[in-house]
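Every number for a ligand or one of its atoms is a count from 1 in the order of the listing. Scope of the values below: all heavy atoms of this structure, side chains included, with no hydrogens, waters or symmetry mates.
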Amino acid sequence: MTRLRTAILISGRGSNMDELIAAARAPEFPAQIALVLSNRPDAPGLAKAKAAGIAVAAVDHKIYAGREEFERSLQIVLETYRIDFLCLAGFMRLFTPWFISQWRGRILNIHPALLPAYRGLHTHERALADGVKIHGCTVHFVVPEMDEGPIVAQAAVPVLDGDDAETLGARVLAQEHVIYPLALRLVASGAVRVEGNRVLGALAESDARLVAPAGDGVTNG
Ligand code: GAR
């Protein structure tokens, strides 16, 4: 089995990165984590990845004149490591259409909300302010428009009376850690196909608990 050479792009602590690295340790996992790359040289996730024996690199966006110059450097690093596939995991920079076109169909992102609700930042605060009863997270293919693109997996969690952004965010994050490795496995193994804006072939009805995990998560069954 050829395992997809995958780079995880981070900007911060890298808890989703940890879960992807752990999942990819299984020999039958269809992706290998060949690189962790950050736009912030001081991202705590870099040290963790290094300790886990993964190659790491930093391309500091602040030293570049513009977005595209930054991305050209990223691209060189990714090509140097012969990367086939990208997972954005708390990577807090927007990409230009040029960069996305290099990686079309080969780049996933995790977002801390049930897209298409709550694109952008401060998703937990905004969900609480709106009084929604269900919140969650989404893994999707990246397209030029921010927080859009075909959805691979989602998990829902309840919003509880005593919640603040921190408690709600922690409940969502626990589900992010479940669905990101699942989504990478589905895509890297070729189990799913994209038709228009839909990702098909992932789940039988009986598997629906995988997209809306039981326990802390909400199921509709
Ligand atoms: C995660 O909650 C992820 O969904 C979010 O940043 C956090 C990173 O945490 N991503 C975004 O908001 C992207 N717009 P982590 O570094 O511990 O994985």
Side-chain angles (χ1 to χ4, degrees), residues 6-24 31 33 35-52 54 56-59 61 67 71 74 85-96 99-100 103 107-129 132 134-157 159 163-184 187 211-213 216-217:
T6 300
I8 305 174
L9 272 58
I10 63 167
S11 297
R13 78 191 150 182
S15 72
N16 279 289
M17 172 202 80
D18 289 336
E19 298 299 323
L20 292 171
I21 290 173
I33 309 306
L35 178 69
V36 170
L37 181 53
S38 177
N39 64 309
R40 293 190 175 275
D42 58 350
L46 282 180
K48 285 195 291 175
K50 202 169 172 191
I54 310 281
V56 298
V59 178
H61 66 275
R67 224 174 262 284
E71 292 174 350
L74 277 189
F85 199 88
L86 304 183
C87 287
L88 309 183
F91 186 74
M92 304 309 270
R93 303 293 302 167
L94 292 176
F95 287 120
T96 64
F99 187 84
I100 301 299
W103 294 95
I107 174 169
L108 292 177
N109 179 46
I110 187 147
H111 183 74
L114 287 172
L115 292 173
Y118 304 116
R119 298 183 176 109
L121 298 175
H122 309 299
T123 55
H124 310 314
E125 288 86 345
R126 288 156 59 208
L128 286 168
V132 299
I134 293 176
H135 186 43
C137 51
T138 303
V139 177
H140 63 99
F141 283 99
V142 177
V143 296
E145 297 75 27
M146 184 187 72
D147 297 332
E148 292 189 23
I151 291 171
V152 181
Q154 291 184 302
V157 302
V159 181
D163 272 337
D164 56 22
E166 200 173 320
T167 57
L168 180 57
R171 195 174 306 119
V172 170
L173 189 65
Q175 298 306 322
E176 294 184 34
H177 295 166
V178 175
I179 65 168
Y180 212 172
L182 165 69
L184 178 58
V187 171
V211 245
D216 267 354

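- Distance from atom 11 (C) of ligand 1 to its nearest protein heavy atom, with residue and atom name: Pro112 CD, 3.6 Å.
- In terms of N/O distances under 3.5 Å, ligand 1 is not approached by Gly90.
- Looking at Asp147, its side chain does come within 3.5 Å of a backbone N or O of Gly120 through a donor-acceptor pair.
- Among protein heavy atoms, the minimum distance from atom 9 (O) of ligand 1 is reached at Arg13 NH2, 3.2 Å.
- Considering Ile21, Ile54, Leu184, Leu35 in turn, Ile21 is the only one that fulfils the side chain to side chain contact (heavy atoms under 4.5 Å, CB included) rule with Ile8.
- The protein atom (non-hydrogen) at minimum distance from atom 16 (O) of ligand 1 is Gly14 N, 2.8 Å.
- The number of heavy-atom neighbours closer than 6.0 Å to CD of Glu145, taken from other residues, nucleotides and ligands shown, is above 12.
- Using a 4.0 Å cut-off to heavy atoms of Glu176, the atoms of ligand 1 that qualify are 1 (C), 2 (O), 3 (C), 4 (O).
- Atoms of ligand 1 lying under 4.0 Å from any heavy atom of His111, numbered from 1 in the order shown and given with element: 4 (O), 14 (N).
- Around atom 18 (O) of ligand 1, the closest heavy atom drawn from Asn16, Leu121, Ile8, Ile110 belongs to Asn16.
- Distance check: Gln175 CD to Thr138 OG1 gives 12.0 Å after rounding to the nearest 0.5 Å.
- Within ligand 1, counting atoms from 1 as listed, the ones closer than 4.0 Å to a heavy atom of Ser15 are 15 (P), 16 (O), 17 (O), 18 (O).
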(message) Using the rule given for salt bridge (Lys or Arg N to Asp or Glu O under 4.0 Å), can you reason through Arg171 versus Asp163, listing the C-alpha separation, both sets of side-chain angles and the distance that settles it, and then say yes or no?
(response) CA-CA 10 Å; Arg171 195 174 306 119; Asp163 272 337; 2.7 Å; yes
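- In this structure, His140 has its ring center no closer than 6.0 Å to that of His111.
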